[in-house]
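Note sheet for the following structure.
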Amino acid sequence: MSAEAASPNGASPETRPVDNPGRRRGRARIDLRRLGRAALFGPASRGGLPDAIGHVADAHRAHFPDADLAVLRRAYVLAETSHRGQMRKSGEPYITHPLAVTLILAELGAETTTLTASLLHDTVEDTEVTLDQVRAGFGDEVCYLVDGVTKLEKVDYGAAAEPETFRKMLVATGDDVRVMSIKLADRLHNMRTLGVMRPEKQVRIAKVTSDVLIPLAERLGVQALKTELEDLVFAILHPAEYEITRALIAAQDAAADPLAVIADDVRRVLRDAGIAAEVLIRPRHFVSVHRVRTKRGELCPTDFGRLLVLVGEDADCYGALGELHTCFTPVVSEFKDFIASPKFNLYQSLHTAVATPGGDVAEVLIRTHLMHKVAEAGVVALGNPYVPLDGPQSAATIARAAAGTTDGERADPTRPGWLSRLLAWQESAPDPDTFWSTLRADLAQDREITVFRADGGTLGLPAGASCVDAAYAQHGEKAHACIGARVNGRLATLSTVLSDGDTVQLLLAEDTASGPSPDWLGHVRTPAARIAITGWLDAHPEGTAVPAAAPRPSASVTGGAMRRAAAGAVVGVPNATVRLAGCCTPVPPDAVTGFTVRGGAVTVHREGCPSVTRMLSLGRPPVEVNWGATGDCRVTLVAEAFGRPQLLADLTEAIATAGVAVVSATVEPPSEQRVRHTYTLQLPDAAGLPALMRTMRDVPGVYDVSRAQHPATA
């Protein structure tokens with residue numbers, strides 16, 4: 001699919017076709033407007049199908065020539081009649097939306113059940129159609145998919161509706177991965193048409209797309225959707241950088257492309273070697289060009305695209321690689337073999353870069369046609385992943401073979417390890433605000449490292465993960481008894497940070513009654529490990545795994561910006577003063593850690609504070625701290641908004657109405673018509689913080705409110 005981004009003012013988006021599917025989609029989108037009118041005024045029929053879904057049928061038959069289209073006809077008729085009279089904000093009939101979503105999925109190769117549910121995905125949410133009617137007409141599978149993507153009502157859930165809706169979708173995805181496929185396609189079409197929304201709503205939706213939907217598309221391997229979503233978000237959140245990138249791409253498109261010459265040379269080399277291959281020039285999408293420019297500072301003509309070599313068999317991939325490395329000069333540092341070691345999202349390909357005699361360097365991707373289908377469509381390419389395999393050359397067969405059977409991360413492509421872990425920790429986060437913030441933080445981490453287990457299989461972990469994270473990823477709560485590790489055969493501490501390709505063996509104590517040390521919280525990156533450790537410590541306040549000969553000091557923290565602890569509140573540091581750090585302004589129930597500073601005082605930080613990472617790297621021992629009875633507390637919040645008259649007055653009024661005192665406030669100079677307000681606030685009770693943040697987000701023009709990592713200045 002093409003890389004496309006809508007301009008932030010709602011103007012027509014610029015389209016850069018990537019191979020033929022992008023051009024096909026562009027034509028189909030033009031037709032959707034006409035077909036929307038046809039849906040209103042009575043379309044002609046062809047072959048028993050309403051003309052409005054003719055393009056969907058054509059795309060579906062391209063992947064499934066023998067597909068029975070009768071069920072799609074029935075689904076369209078129900079969707080069209082139930083949505084009749086409803087209009088989108090763009091002015092088009094509402095039916096154009098489910099048609100567009102279904103066309104996206106059909107072009108990716110989704111099977112009939114997914115397309116049927118896609119046509120009906122908004123009927124239960126926005127019309128009088130019930131789930132029972134969907135079940136009676138289309139069966140349990142379609143009913144489950146429609147229910148999985150149906151939003152929860154704000155009337156029932158209030159401000160928690162969005163996080164709880166995503167929680168519901170993730171749980172449903174754990175049982176049927178097609179739920180998230182429909183959601184991703186739904187968000188893509190909504191992002192394409194976002195220009196009709198108010199600017200602040202565009203930004204709010206784009207931020208959620210960036211924080212949640214794009215990482216999920218990456219983890220599910222649906223690169224075709226992920227890249228276009230990235231470009232659409234890029235245009236809205238970073239309009240200046242987008243315009244610079246757009247101009248660079250336009251200038252390069254008008255010039256001669258050196259990749260065309262290199263592609264001809266590659267075709268000749270492979271043809272002479274007797275390797276049947278298709279060689280394509282694959283333009284980079286906007287965000288990819290921006291990343292290369294940021295990394296290298298200056299772009300070369302060959303940086304605007306890559307060569308894609310498609311062959312028939314796995315062996316041909318390595319044969320083509322050998323010929324290219326023989327006939328061109330390989331850039332050794334750029335070689336990666338994702339066929340022998342697939343990524344956690346099923347992606348398989350050989351990556352290399354070669355230099356021509358003239359000095360041009362071209363990046364080359366080598367894969368089979370089926371690997372390419374899986375790389376573009378991810379789990380969508382599996383068809384119906386819950387039926388028996390349908391032949392040795394099906395996409396599902398290839399994907400499952402790539403996954404392997406002994407690898408805990410990819411043994412089941414419909415329930416990868418990262419999804420199982422996410423579903424596990426979300427059960428321990430009942431509060432919607434905690435779930436929402438933890439989900440966004442978890443998805444923001446780069447899951448780029450693969451760690452090999454000593455007993456076979458692999459673990460997918462975020463960059464910066466330690467042996468503690470590996471222990472909980474492999475053993476779950478049994479990791480409470482972990483006493484050490486071997487990394488690449490050598491004994492290592494549990495705080496050791498793992499690198500991509502490391503082999504780790506976790507050593508567990510026979511005494512399963514032992515538990516984790518509070519120190520472990522300073523070494524973890526994964527929510528599953530943090531939640532498990534915190535849960536054990538909360539359940540065992542009387543003791544930890546710290547040896548008696550070397551007890552760790554602990555501090556009890558109550559509300560207020562500063563207090564003198566009674567003799568014995570801070571174990572080993574009697575009469576110490578406890579201060580709440582101004583850099584991160586922790587409040588209950590934040591996970592916190594402390595450090596002893598000059599004069600014997602203990603400064604308390606939120607565990608995610610950069611100061612904690614810095615002090616740990618300097619070898620400063622942490623102090624265990626726990627919240628006592630809550631009372632008034634001080635916190636710093638950052639409100640990001642579009643600049644407008646009376647914004648400061650409206651925000652301070654919202655804060656005052658909530659019964660919160662403003663200690664200090666700053667307003668940064670506007671940038672690209674956006675402003676950032678920073679408030680240090682005194683709350684009568686920390687429990688009211690989530691409600692206050694929601695109240696501030698409801699102020700017109702405000703698109704995000706978050707906790708600050710730096711103190712405000714008066």
Side-chain angles (χ1 to χ4, degrees), residues 48-50 52-80 82 95 97-125 129-150 168-189 220-222 224-225 373-374 377-391 394-397 399-400 412-415 419:
L49 282 172
I53 58 169
H55 288 285
V56 172
D58 292 342
H60 189 38
R61 280 275 171 85
H63 294 276
F64 300 91
D66 300 324
D68 180 7
L69 302 179
V71 67
L72 292 182
R73 180 188 186 282
R74 290 194 294 110
Y76 168 75
V77 169
L78 177 59
E80 193 279 324
S82 60
I95 189 62
H97 172 64
L99 277 172
V101 173
T102 306
L103 182 59
I104 291 169
L105 290 167
E107 289 187 333
L108 287 175
E111 41 71 56
T112 309
T113 301
T114 302
L115 300 186
T116 303
S118 177
L119 283 168
L120 300 170
H121 79 273
D122 274 341
T123 55
V124 174
E125 182 178 322
V129 175
T130 66
L131 282 174
D132 288 339
Q133 289 175 300
V134 173
R135 181 181 292 106
F138 301 94
D140 289 338
E141 275 189 288
V142 171
C143 180
Y144 185 86
L145 297 179
V146 171
D147 184 33
V149 296
T150 299
K168 170 176 174 273
M169 288 181 188
L170 286 170
V171 172
T173 299
D175 290 327
D176 195 323
V177 75
R178 293 173 292 180
V179 170
M180 193 54 66
S181 300
I182 298 173
K183 177 59 182 177
L184 290 171
D186 171 76
R187 178 54 60 94
L188 176 57
H189 183 247
L220 293 171
V222 195
L225 302 187
K373 182 177 181 180
V374 174
V379 295
V380 179
L382 301 181
N384 184 342
Y386 304 97
V387 298
L389 302 181
D390 51 356
S394 71
T397 304
R400 295 184 190 189
D412 180 2
T414 69
R415 185 71 178 265
L419 179 57

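All residue numbers in this chain count up from 1 along the given sequence.
- The line from CE of M169 to CG of D147 is 10.0 Å long, rounded to the nearest 0.5 Å.
- Rounding to the nearest 0.5 Å places CG of L131 at 12.0 Å from OH of Y144.
- Between A75 and T116, the shortest heavy-atom distance links the atoms CB-CG2, 3.8 Å.
- For E125, there are no side chain to side chain donor-acceptor pair (under 3.5 Å) partners at least two apart in sequence or on another chain.
- Listed here is the closest heavy atom pair of A117 and L145: CB-CB, 3.6 Å.
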Would Y76 and I95 satisfy side chain to side chain contact (heavy atoms under 4.5 Å, CB included), going step by step from the backbone distance to the final call?
CA-CA 9 Å; Y76 168 75; I95 189 62; 3.9 Å; yes

Evaluate the side chain to side chain contact (heavy atoms under 4.5 Å, CB included) criterion for residues D186 and V149: first the C-alpha distance (whole Å), next the side-chain angles of each, then the deciding distance (0.1 Å), finally the verdict. CA-CA 9 Å; D186 171 76; V149 296; over 6 Å; no

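- The shortest heavy-atom contact between K373 and A381 is O-CB, 3.9 Å.
- For the atom pair K183 NZ and L220 CG, the distance stands at 14.0 Å (nearest 0.5 Å).
- Residues L105 and A185 come closest through the heavy atom pair CG-CB, 3.7 Å.
- Using a 4.5 Å heavy-atom threshold, the side chains of V124 and T130 count as separate.
- Contacts of D66 classified as side chain to side chain donor-acceptor pair (under 3.5 Å), with partners at least two apart in sequence or in another chain: none.
- Here the shortest heavy-atom pairing between A377 and L108 reads CB-O, 3.5 Å.
- Listed by chain and number, the residues in a side chain to side chain donor-acceptor pair (under 3.5 Å) with S82 amount to none (sequence neighbours excluded).
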Please step through side chain to side chain contact (heavy atoms under 4.5 Å, CB included) for the pair T150 and K168, ending with a clear verdict. CA-CA 9 Å; T150 299; K168 170 176 174 273; 4.2 Å; yes

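- Within the 3.5 Å criterion, the main-chain N or O of G137 finds a donor-acceptor partner in the side chain of R74.
- Side-chain contact check for V379 versus R178: every heavy-atom pair is 4.5 Å or farther apart.
- Partner of V129 under the side chain to side chain contact (heavy atoms under 4.5 Å, CB included) criterion, chosen from V146, L78, L120, D122: L78.
- Interatomic distance, I182 CD1 to I104 CD1, rounded to the nearest 0.5 Å: 12.0 Å.
- Distance check: L188 CG to L225 CG gives 5.5 Å after rounding to the nearest 0.5 Å.
- Between E80 atom CD and I53 atom CD1 the span is 11.0 Å, to the nearest 0.5 Å.
- Closest non-hydrogen pair, H55 versus L103, comes out as O-CD1, 3.8 Å.
- Proximity of a side-chain donor or acceptor of H121 to a complementary backbone N or O of S118 within less than 3.5 Å is detected.
- Side chain of R61 to main chain of P65: a donor-acceptor pair is present (N/O by atom type, distance under 3.5 Å, no hydrogens or angles).
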